[in-house]
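All figures in this text were calculated on a predicted structure; none of them were measured in a lab.
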Amino acid sequence: MTTPAATPSASPAATAGARPAPAPAPPSAPVPLTRIFVGLKLSLLRNGLKGSSKRKAVYFTTLAFALLVGFFVTLGLALLHGNAHAGTVVVLLAAILALGWTFMPLFFPSGDETLDPSRLVMLPLRPRPLVRALLASSLVGIGPLFTLCLAVGSVVAVARGAVGAVAAVVAAPLLVLGCVTLARAVATANVRLLTSRKGRDLALLSGLLIAVGAQLANFASQRLFEAGGLSRLEPAEAVVRWLPPATAVGMVDSASEGAYGVAAAQLALTLAALAGLLWFWERSLTKLMVTPDGSTIAAATPAKDRGASGVWSLLPAGRTGAVMQRTLRYAVRDPKTKASWVSALAIGLIVPVFNALQGAGSVYLACFGAGMLGVQMYNQFGQDTSAFWMVAQTISTRRDAYVELRARAAALALVTVPYTVFVSVVTAAVIGEWRSFPAALGLCLALLGSMLCTGAVASARFPYSIPSDGAFKNVAPGQAGLAWAGIFAGLFSSAVICAPVIVLTVWLNIGAHQDVSWILLPLGVAWGALATWSGLRLAAPTVARKLPEILLAVSKG
């Protein structure tokens, strides 16, 4: 057995002319995590604008609008300097600003993808440095910039003297940090809820709360200025100035008035609240990164078939009941259909009732609610999206198309008719105009029937696709003309169809025949039913004849 030969060593002569090996480079200093996250946020903003001139235009228009509004609001707040009620205004404004930062991320979680820290769970990151990095990246954007403008205007409005100026320099960034930290802490604590299917349904409340909040703000402002002005808000301001982060603005006001002890207490409360929010945020991040997602756990029991049980058993048998159930399930489960229904139901009640509360309403404003719900009949097949091909397999004759449309209209009527009666009753009760209630309800039902009629025809002649992606994309690219044509043609045709009832209503109210205006109730019911039946009969042949075209149009998204 041979042994391997020894490797000869290099001779001194061979190594004399060799170049010495380079010294190893010193290890580069690690890049701070905060700088990385700020750079990533800027990259997201920059890359999101690439390749789309429309997106660039929207972003820069929004930025310019926010800066313009922020400038004028800051200027307006600064002009309050020296006003007796300046402290009341800016402290309450700071509280409203913090409230908006708290709840808006819950209603619009898709507006900023960085709100979801669960994307980072697989990275070797510690919670405390991650909190600092996320907080720094959160300060990059239009929202924080606009908030900074409001904060600067608020502190300028109440800062007086050298001590007040120093307090203002400290308070403005504290207010911005408090708002952003509050938003991030709440969003992180609810991130699992927001990314679930049921959690995303919270976004449906945004339209309702915004509509209700706008009406309440309008109603409250009118009552406020009618009953004594801003002095009536001083008791509320006295409480709110001790609630962080509004305490930062209250600190400036107190320091300017010479109440240094109160200002120190408010500063301490602001800092303590900020520290508490950061601790809560860090704890929520830790829990998020070490707790498994419940969505990965298989269901313990199989789902039960409840198709023919419960309230669904009350629907008619056969195809009519099946189509009605499918339509109503879409309204409950499909996010976009649900959003459309919730918005229509909320605004249809808010507009007539709040106008009645303000003393400028009429019982006939209940027609607004009927109109909002009647629009739900438009583009019936587009609401099915690509699943309409399964429905199309069951339509081969005019009779099949008529039954399909009739069942869809019946499902809508099952909700819209009781709702229209409810809105009419509430509006009449608020106004106290029961004498005109039968005529108003009859006109509402006639209008609703007319819109069901034109909605069936528009669904057959102007179908368009509703994209499944994007919360606010309701029309596929290239089909906006079809959507607007169907809506405007339908609304105009509905007014023409309902014109005889409208003319009769006006004639009975203008003349001396108001005592017999009750006849409009049965007339409106009959007119609406006849209009609906006529529209279904007219649209059914078009659906049966143009079924391939409808299928192609609604499947483009």
Please name the pair of heavy atoms, one in [X] and one in [Y], separated by the smallest distance, quoted to 0.1 Å.
| X | Y | answer |
| --- | --- | --- |
| Asn379 | Pro463 | OD1-CA, 3.7 Å |
| Thr270 | Ala248 | OG1-N, 3.5 Å |
| Ala98 | Cys179 | CA-SG, 3.9 Å |
| Val252 | Ala167 | CG2-O, 3.7 Å |
| Ala66 | Ile142 | CB-CG2, 3.5 Å |
| Leu139 | Pro144 | O-CB, 3.6 Å |

Sub-4.5 Å side-chain heavy-atom contact between [X] and [Y]:
| X | Y | result |
| --- | --- | --- |
| Leu93 | Leu77 | yes |
| Leu412 | Trp341 | yes |
| Arg326 | Val391 | yes |
| Arg408 | Phe381 | yes |
| Thr147 | Val180 | no |
| Leu135 | Thr181 | yes |

Counting distance only, does the side-chain N/O of [X] pair as donor-acceptor with the main-chain N or O of [Y] below 3.5 Å?
| X | Y | value |
| --- | --- | --- |
| Ser137 | Leu134 | yes |
| Thr74 | Gly153 | no |
| Thr420 | Ala370 | no |

Enter the distance from [X]:[atom1] to [Y]:[atom2] here, rounded to the nearest 0.5 Å.
| X | Y | atom1 | atom2 | result |
| --- | --- | --- | --- | --- |
| Leu285 | Arg128 | CG | CZ | 12.0 Å |
| Leu92 | Leu99 | CG | CG | 12.0 Å |
| Thr102 | Leu182 | OG1 | CG | 3.5 Å |
| Thr247 | Leu267 | OG1 | CG | 8.5 Å |
| Leu68 | Leu63 | CG | CG | 11.0 Å |
| Leu345 | Phe422 | CG | CZ | 10.5 Å |

* Criterion side chain to side chain contact (heavy atoms under 4.5 Å, CB included) on Asp253 and Arg160, from CA distance to verdict -> CA-CA 8 Å; Asp253 191 26; Arg160 296 183 301 276; 4.2 Å; yes
* Yes or no on side chain to side chain contact (heavy atoms under 4.5 Å, CB included) for Phe368 and Val423, after CA distance, side-chain angles and deciding distance? -> CA-CA 10 Å; Phe368 187 84; Val423 173; over 6 Å; no
* Verdict with supporting geometry, Val176 and Trp101, side chain to side chain contact (heavy atoms under 4.5 Å, CB included) -> CA-CA 10 Å; Val176 177; Trp101 272 94; over 6 Å; no
* To do: Flag yes if more than 12 heavy atoms outside Trp389 fall under 6.0 Å of its CH2 atom; otherwise flag no.
  => no
* Any chance you could lay out the side chain to side chain contact (heavy atoms under 4.5 Å, CB included) test for Thr327 and Tyr330, step after step, and finish with the verdict? => CA-CA 5 Å; Thr327 302; Tyr330 277 162; 5.7 Å; no
